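Given the structure is predicted, the values throughout are model-derived calculations rather than measurements. Numbers here are sequence positions counted from 1.
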Amino acid sequence: MGKLIYTRFRKLPLVLRFLLIACFTMVLFGVIIHLIEPEHFPTVFDGIWWAIVTASTVGYGDYTPKTIPGRIVGMLLIFIGASLLTIYFANLTTEAVTRHNEFLEGKRVFKGMSHLIIIGWNERSRNMIAAITKENPNAEIVLIDETLESRPRKLDNVHFIKGRANSDETLLQANISHASRVVITADQNKDEFQADMHTILTLLAIKGVSPEMKCIAEILTADQVSNAQRAGADEIIQANLLLSSVMLKSLQVNEEEGGPKR
């Protein structure tokens, strides 16, 4: 039984372990001082109060040991208890800083639900996030990108995850099983064919982890549209086709107006 408790205790986070040890120490010294000087510490609670006040170096002075054994206990408490509390708060600060850095560096697991996952950081995803947050400031968005070193600035409502989007580990870190949908933008650092291959590979990875997940994929070449559909894309956006259509309409308007505007 004791071994089982010790094993479970060792599995607890370091900060929680130090907190439990500190609490146990305060209770222990509170009981001891109550037993040594029951007339000055009428209850165990009074002893625990004195132990906490003494160990935290606050020292209200409402309870103080009067006998030599009691003062020896007080000295031991100052050496042991104050050190424990100092270590605890130091570890608590370190843990908070570590968590914050992990969040900025994209190493923290996202635990929300019904969120939107956007894959790839570029001008299109930037505008998409801006439009979504403008319409719904409380929208939960997870951004997956392997090129960024840290979370982009001014994206306080975006949870950044650094990693390859076609990796199961990265997708699970983004809690993809509980997402509402995924938007895959074309990788601007690759040529059109490679970018589409990367998108298709990402689609296969997503459908492998979460087959029912709705995926919107940006495809650059018309030849790869059918492959993207086979990979499980629920909706395909042909960026180059849209751009060509816009440019064609612009040319037609200029021709009707008597030539290009200057």
With a 4.0 Å cut-off, would you call Glu123 and Arg126 a salt bridge? yes

Decide, yes or no, whether a salt bridge links Arg164 with Glu146 under the criterion of side-chain N to carboxylate O below 4.0 Å.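 Here Arg164 does not pair with Glu146 in a salt bridge, since their nearest N and O are not under 4.0 Å apart.
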
Joint cluster assignment, [X] & [Y], ILVMFWY side-chain distance < 4.5 Å:
{"X": "Phe79", "Y": "Leu28", "result": "no"}
{"X": "Leu172", "Y": "Ile161", "result": "yes"}
{"X": "Ile200", "Y": "Ile184", "result": "no"}

Mind checking the [atom1]-[atom2] spacing from [X] to [Y]? Nearest 0.5 Å is all I need.
{"X": "Asn227", "Y": "Leu204", "atom1": "CG", "atom2": "CG", "result": "9.5 Å"}
{"X": "Thr202", "Y": "Asn166", "atom1": "OG1", "atom2": "CG", "result": "4.5 Å"}
{"X": "Lys162", "Y": "Gln173", "atom1": "NZ", "atom2": "CD", "result": "11.5 Å"}
{"X": "Ser180", "Y": "His115", "atom1": "OG", "atom2": "NE2", "result": "7.5 Å"}
{"X": "Ile219", "Y": "Leu203", "atom1": "CD1", "atom2": "CG", "result": "7.0 Å"}
{"X": "Ile68", "Y": "Ile36", "atom1": "CD1", "atom2": "CD1", "result": "12.0 Å"}

Side-chain touch [X]/[Y], heavy atoms, less than 4.5 angstrom:
{"X": "Ile117", "Y": "Phe110", "value": "no"}
{"X": "Ile78", "Y": "Thr54", "value": "yes"}
{"X": "Lys207", "Y": "Asp234", "value": "yes"}

Taken in chain and number order and not counting sequence neighbours, the residues that satisfy salt bridge (charged side-chain N to carboxylate O under 4.0 Å, His left out) with Glu235 are none

Do Phe160 and Leu148 pass the side-chain contact (heavy atoms from CB on, under 4.5 Å) test, and can you show the C-alpha distance, the side-chain angles, and the key distance before you say yes or no? CA-CA 9 Å; Phe160 167 58; Leu148 290 171; 3.7 Å; yes

Flag for Thr221-Asp223: side-chain donor and acceptor within less than 3.5 Å: no

Exercise: do Asp46 and Thr43 side chains pair donor with acceptor under 3.5 Å: yes

Apply the test side-chain contact (heavy atoms from CB on, under 4.5 Å) to residues Tyr63 and Ile33: give CA-CA distance (whole Å), side-chain angles for both, the deciding distance (0.1 Å), then the verdict. CA-CA 11 Å; Tyr63 291 98; Ile33 198 66; over 6 Å; no

Report the C-alpha distance between Asn122 and Ser125 in whole Å, list the side-chain angles of each, state the deciding distance to 0.1 Å, and finish with yes or no for side-chain contact (heavy atoms from CB on, under 4.5 Å). CA-CA 5 Å; Asn122 46 54; Ser125 56; 3.3 Å; yes

Glu169, CD atom: more than 12 neighbouring heavy atoms under 6.0 Å: no

Against Ile119, only a single residue in Leu143, Ile206, Val183, Thr185 fulfils side-chain contact (heavy atoms from CB on, under 4.5 Å); can you say which?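 By the side-chain contact (heavy atoms from CB on, under 4.5 Å) criterion, Ile119 pairs with just one of Leu143, Ile206, Val183, Thr185: Ile206.
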
Quick one, Gln224 with Phe193, criterion side-chain contact (heavy atoms from CB on, under 4.5 Å). Give me CA distance, side-chain angles, the key distance, then yes/no. CA-CA 8 Å; Gln224 300 304 322; Phe193 178 77; 3.7 Å; yes

Tabulate below the donor-acceptor pairs under 3.5 Å that side-chain atoms of residues 132-142 make, not counting sequence neighbours, or state none.
from	atom 1	to	atom 2	distance (Å)
Thr133	OG1	Ile129	O	2.8
Thr133	OG1	Ala130	O	3.1
Asn136	OD1	Asn138	N	3.3

Please tabulate, for the side chains in residues 15-24, all donor-acceptor contacts under 3.5 angstrom to protein atoms that are two or more places apart in sequence or on a different chain.
from	atom 1	to	atom 2	distance (Å)
Arg17	NE	Leu12	O	3.1

